[in-house]
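Numbers restart at 1 for each chain; the letters A, B, ... are given by sequence-line order, proteins then strands. This structure is a prediction, so every number in the text was calculated from the model and none was measured.
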2 protein chains.
Amino acid sequence: MSPSQPRDRGIPEATVARLPLYLRALHGMAERGVATVSSEDLAVAAGVNSAKLRKDLSHLGSYGTRGVGYDVEYLVYQISRELGLTQDWAVAIVGVGNLGRALANYGGFVSRGFRVAALVDADPEVVGDTIAGLNVEHIDELEAVIKRRGVSIVVLATPAAAAQEVCDRVIAVGVTSILNFAPVVLSVPDTVDVRKVDLSIELQILAFHEQRKAGGPLMAVDSQ
Amino acid sequence: MSPSQPRDRGIPEATVARLPLYLRALHGMAERGVATVSSEDLAVAAGVNSAKLRKDLSHLGSYGTRGVGYDVEYLVYQISRELGLTQDWAVAIVGVGNLGRALANYGGFVSRGFRVAALVDADPEVVGDTIAGLNVEHIDELEAVIKRRGVSIVVLATPAAAAQEVCDRVIAVGVTSILNFAPVVLSVPDTVDVRKVDLSIELQILAFHEQRKAGGPLMAVDSQ
DNA sequence: GCGACTTTGTGCATCGGTTCACAAAGGGCT
DNA sequence: AGCCCTTTGTGAACCGATGCACAAAGTCGC
């Protein structure tokens, strides 16, 4: 780390959101034995503009070689490190309904640095079941489980009505990163990061554009 | 439609993405019997800034009353109409693994204008099963099913390797809106809208910020 | 019917992000 | 060793989105 290290402790949010994309493309290339890649090729693989890709990478440091491109392995390492994937993150999933179950079994979680360390639910019917090799624990044990397993990221897959309460409780025991699948706006202190995934919102956005294409509500057909 | 109708056939993308949020907050208020709401209150409920909310709504038209606020029912109707939720959208889910199953059973889909009209999978083991009241059809029937059921939005919940092929096939029969859960960058003509939901990317973004809080990679411990 | 009060709708400054376009840097061929 | 070719890294213009702050518009009480 002696040579170039302009790692600006301020990487733009938009860049952070794309790094995982680059990482995935790079993993694919590494598996296919590609040693070196140009910004142009990597940009195509990740579905972005090459200038944007270069600017994104330049925020991490100067890891390319002019006239050649980027060393795939090295770049994988640098991005992984920047994203914090060189360490192991323990994730708890709260709410083991259909979605929670799907998440527990989702391979993509485990794949890169994340480990589902606990499943928690309120329904006595499912508490005690084994899902994806894990015992489902009771919601009363929430705080204890989080501490015991060193959980630092919580995935909320509860019904909407329960989300805020669970959220408050995990924050109270020190969790500061939450991935929320419940269709509610969580209120949290601003030291806590919440990311939200909302299936129904995504569909609504698609419907909006689809409607536009088909011709709007009180619109005559209008090819544009 | 005689009075105010400045509905600018160009609503900013950022606004479109927030309309579903407002709609949800408004539905909650309607259920609680609230008749009228100010931009300030609605903004709080949706978790945004009130000036932003007013500007967003102003893109749809001038539906508020100064000194009073917005009529909840009326605004629900206007936003629904703008998003195209006053019509019924038939959705097909391709890939009935854990995730596809969870999506099929997800209440939020049906709730507002969307109807899961078909389930399709390649695995003979699940073809013929009934999930969420629907028969799972074979992938060979994909095109036929889409046409027969009038599907206009396709949800891809297949393994990554199958996603592009399914995508090409549904586009070939006229689908122009796709919600992709597979961790791949789909390549599509630009007449087609793709929205992507990627669980693993969301986690990686959280990990990045979590790492920052805990003290960066080559940083000493720093409590905050 | 009038004045005080409330709340919308928007002009304007600002900001973050995207894209272009090119100079600087490095590799490889002769 | 020197030249040419490729590709990076970034300055600068541009674009869309955000948020402030206020005038215009309308309600409600008297």
Requested in this report: State whether Arg212(A) and Glu82(B) are salt-bridged, where the test is any N-O pair (Lys NZ or Arg NE/NH1/NH2 against Asp/Glu carboxylate O) under 4.0 Å.
Outcome: yes
**Report entry** Ionic contact status for Lys147(B) with Glu143(B), cut-off 4.0 Å
**Finding:** no
Report task. Please check the phosphate of dG9(C) (OP1 and OP2 only) for any side-chain N or O of Tyr70(B) closer than 4.0 Å. Result -> yes
Query raised in the report: What is the distance from atom CG of Leu53(A) to atom OG of Ser38(A), rounded to the nearest 0.5 Å?
Result: 9.5 Å
Query raised in the report: Taking atom types as modelled, is there a side-chain donor on Tyr74(A) or Gln78(A) under 3.5 Å from an acceptor on the other?
Result: yes
Query raised in the report: Any side-chain donor-acceptor pair under 3.5 Å between Asn98(A) and Tyr106(B)?
Result: no
Query - Heavy-atom check, side chain of Val91(B) versus side chain of Val151(B), under 4.5 Å - result: no
Report task. Kindly indicate whether the side chain of Ile201(A), heavy atoms from C-beta on, has any atom under 4.5 Å from the side chain of Lys196(A). Result -> yes
Query - Contact boundaries on DNA chain D for chain B, cut-off under 4.0 Å to non-hydrogen atoms - result: dA17(D) to dT27(D)
Requested in this report: Tell me, please, which residues at least two apart from Val185(A) pass side chain to side chain contact (heavy atoms under 4.5 Å, CB included).
Outcome: none
Query raised in the report: Who pairs with Ser152(B) by side chain to side chain contact (heavy atoms under 4.5 Å, CB included), at least two apart in sequence or on another chain?
Result: Glu210(A), Trp89(B)
Query raised in the report: Between Val155(B) and Leu103(B), is a side chain to side chain contact (heavy atoms under 4.5 Å, CB included) present by the stated rule, with each step listed?
Result: CA-CA 9 Å; Val155(B) 175; Leu103(B) 295 174; 3.8 Å; yes
Query raised in the report: Checking only heavy atoms, does the side chain of Lys55(A) share a donor-acceptor pair with the base of dT19(C) at less than 3.5 Å?
Result: yes
**Report entry** Passing candidate, side-chain contact (heavy atoms from CB on, under 4.5 Å) with Leu156(A), options Val166(A), Leu179(A), Val194(A)
**Finding:** Val166(A)
Query raised in the report: In residues 186-198 of chain B, which residues come under 4.0 Å of DNA chain C by heavy atom?
Result: none
Can you check nucleotides 25-30 of chain C for protein contacts, nitrogen or oxygen pairs under 3.5 Å, and list what you find?
from	atom 1	to	atom 2	distance (Å)
dA25(C)	O4'	Arg66(A)	NE	3.4

**Report entry** Rounded distance in Å - CZ (Arg54(A)) to P (dA21(C))
**Finding:** 13 Å
**Report entry** side chain to side chain donor-acceptor pair (under 3.5 Å) between Arg54(A) and Ser39(A), worked out
**Finding:** CA-CA 6 Å; Arg54(A) 287 197 298 278; Ser39(A) 63; 3.0 Å; yes
Report summary line: The correct set of residues in residues 33-52 of chain A placing a heavy atom under 4.0 Å from DNA chain D is Ser38(A), Ser39(A)
Query raised in the report: More than 12 non-hydrogen atoms from neighbouring residues, nucleotides or ligands closer than 6.0 Å to CD on Glu13(B), yes or no?
Result: yes
